[in-house]
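Contents: one structure, followed by commentary.
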Amino acid sequence: MLRSLFLLALMGLAVEAQLPVPPVQRGFVLKGSRASAVTVEVFYDLLCPDSMTNWPVIHKVLESSTFTGSQLGIVMNVFPLPYHHHATFVATGFRAFMDRASQLQTECISAVFAKQQDFKTKAVELGETELGEKIGKFFATECGLDVSNAFKNATTHQMYREQVVMDWKYAASRTVSGTPIFIVNGVMDNAVGDFVSSEQWESYVHRLLSGEPQFTDTS
């Protein structure tokens with residue numbers, strides 16, 4: 001019940017409260033920059049099965065040397081959905097982890113998706129303190145960071161909770177209501193979410209770089 005109330009409070013705060021304009025843009029830059037010729041913003045819920053299914057394709061694009069960072073930028077935003085139990089707590093832990101080991105962000109995303117079911121079933125009955133410790137230990141051990149009490153308790157730290165609220169508000173301002181969602185050069189194009197290979201992404205980006213009018217074809 002307390003966790004449900006927290007999620008409802010988070011949503012209410014995101015909608016009603018006026019948070020300050022963030023000092024930096026939202027999201028985690030995985031490739032290139034926000035000034036790349038083609039910039040893809042992807043919105044994931046780390047406990048969303050559809051986000052988990054989509055990640056390997058994006059991961060292959062990240063590993064490919066086809067495009068330089070000036071040609072292609074990929075920015076991931078975490079958007080915890082209220083109907084995915086513990087999504088907000090995992091997002092908070094992810095935020096805390098990024099403060100300590102941002103160079104390991106792709107490895108960490110892969111690790112979370114690989115263990116996604118552990119947070120959806122095995123952790124359902126945990127209280128806030130136990131859950132925070134479980135998430136902290138996960139990020140510390142699975143993602144290659146030394147365990148510390150400060151990190152294990154980071155999911156209850158107000159600073160990180162506020163960061164997640166701002167992430168949520170940003171996504172909501174872009175009319176994001178589910179995951180995965182894609183915004184390419186400022187325009188929502190969720191058809192690219194059906195791409196099942198990096199080759200489809202490469203063709204799509206090549207057409208954008210050539211200046212052709214873009215109509216997504218997932219065939």
Side-chain angles (χ1 to χ4, degrees), residues 1-30 34 39-55 58 73-100 102 105-106 108-109 111-113 115-116 119-120 123-124 126 128 131-132 134-136 138-139 143 151 153-184 186-190 193:
M1 176 61 73
L2 288 176
R3 291 191 292 273
S4 298
L5 289 175
F6 171 70
L7 288 172
L8 290 173
L10 175 65
M11 294 176 65
L13 179 61
V15 173
E16 297 177 8
Q18 179 61 55
L19 295 180
V21 175
V24 296
Q25 292 181 324
R26 311 316 298 167
F28 304 96
V29 178
L30 304 182
R34 294 179 177 85
T39 303
V40 178
E41 282 191 272
V42 56
F43 294 80
Y44 282 152
D45 176 354
L46 296 173
L47 295 191
C48 168
D50 292 332
S51 296
M52 178 183 66
T53 299
N54 181 264
W55 169 244
I58 294 298
I74 298 179
V75 181
M76 188 197 77
N77 297 275
V78 178
F79 183 61
L81 298 169
Y83 45 83
H84 286 148
H85 210 47
H86 300 329
T88 299
F89 288 95
V90 173
T92 306
F94 185 78
R95 264 284 169 193
F97 177 82
M98 287 298 102
D99 265 4
R100 292 159 170 80
S102 59
Q105 53 191 2
T106 55
C108 188
I109 296 167
V112 174
F113 282 138
K115 298 286 187 178
Q116 188 183 86
F119 295 109
K120 296 178 71 175
V124 167
L126 295 180
E128 259 191 51
L131 180 61
K134 178 181 175 69
I135 292 173
F138 166 81
F139 281 108
C143 302
F151 184 78
N153 296 326
T155 50
T156 62
H157 197 293
Q158 185 64 23
M159 177 182 71
Y160 295 115
R161 288 191 174 189
E162 289 177 355
Q163 288 290 320
V164 172
V165 168
M166 285 191 282
D167 291 341
W168 197 95
K169 283 191 69 174
Y170 170 71
S173 75
R174 304 303 304 273
T175 70
V176 173
S177 59
T179 57
I181 295 291
F182 294 86
I183 295 177
V184 183
V187 176
M188 190 174 291
D189 186 0
N190 288 322

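Sequence positions, counted from 1, serve as the residue numbers for this chain. Reckoned from all heavy atoms, side chains included, excluding hydrogens, waters and symmetry mates.
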What closest approach, in Å, do [X] and [Y] show between heavy atoms, and which atom pair accounts for it?
| X | Y | result |
| --- | --- | --- |
| S177 | Y83 | O-OH, 4.4 Å |
| R34 | T39 | O-OG1, 3.4 Å |
| P80 | V164 | CG-CG1, 4.0 Å |
| L81 | G178 | CD2-CA, 4.0 Å |

So how far is it from [X] [atom1] to [Y] [atom2], rounded to the nearest 0.5 Å?
| X | Y | atom1 | atom2 | value |
| --- | --- | --- | --- | --- |
| D50 | N54 | CG | CG | 9.0 Å |
| T92 | M159 | OG1 | CE | 11.0 Å |
| I58 | T106 | CD1 | OG1 | 13.0 Å |
| M166 | Q163 | CE | CD | 4.0 Å |
| M188 | T175 | CE | OG1 | 3.5 Å |
| F182 | I74 | CZ | CD1 | 9.0 Å |

Can you find a pair of side-chain heavy atoms, one from [X] and one from [Y], that are under 4.5 Å apart?
| X | Y | result |
| --- | --- | --- |
| F113 | I109 | yes |
| I181 | N190 | yes |
| F94 | F89 | no |
| S51 | L46 | no |
| T88 | W168 | no |

Report the C-alpha separation of V112 and V90 in whole Å, then their side-chain angles, then the decisive distance to 0.1 Å, and conclude whether the side chain to side chain contact (heavy atoms under 4.5 Å, CB included) test is met.
CA-CA 9 Å; V112 174; V90 173; 4.2 Å; yes

Is a salt bridge present between R174 and E41, judged by a nitrogen-to-oxygen distance below 4.0 Å?
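Answer for the salt bridge query: yes.
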
Could you tell me whether the side chain of N77 and the main chain of F43 form a donor-acceptor pair under 3.5 Å?
no

Please check if the side chain of D45 supplies one atom and the backbone of T179 the other of a donor-acceptor pair under 3.5 Å.
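Side chain of D45 to backbone of T179, a donor-acceptor pair under 3.5 Å: no, none is there.
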
Could you check M76 against V29 for side chain to side chain contact (heavy atoms under 4.5 Å, CB included), going step by step and ending with a plain yes or no?
CA-CA 6 Å; M76 188 197 77; V29 178; over 6 Å; no

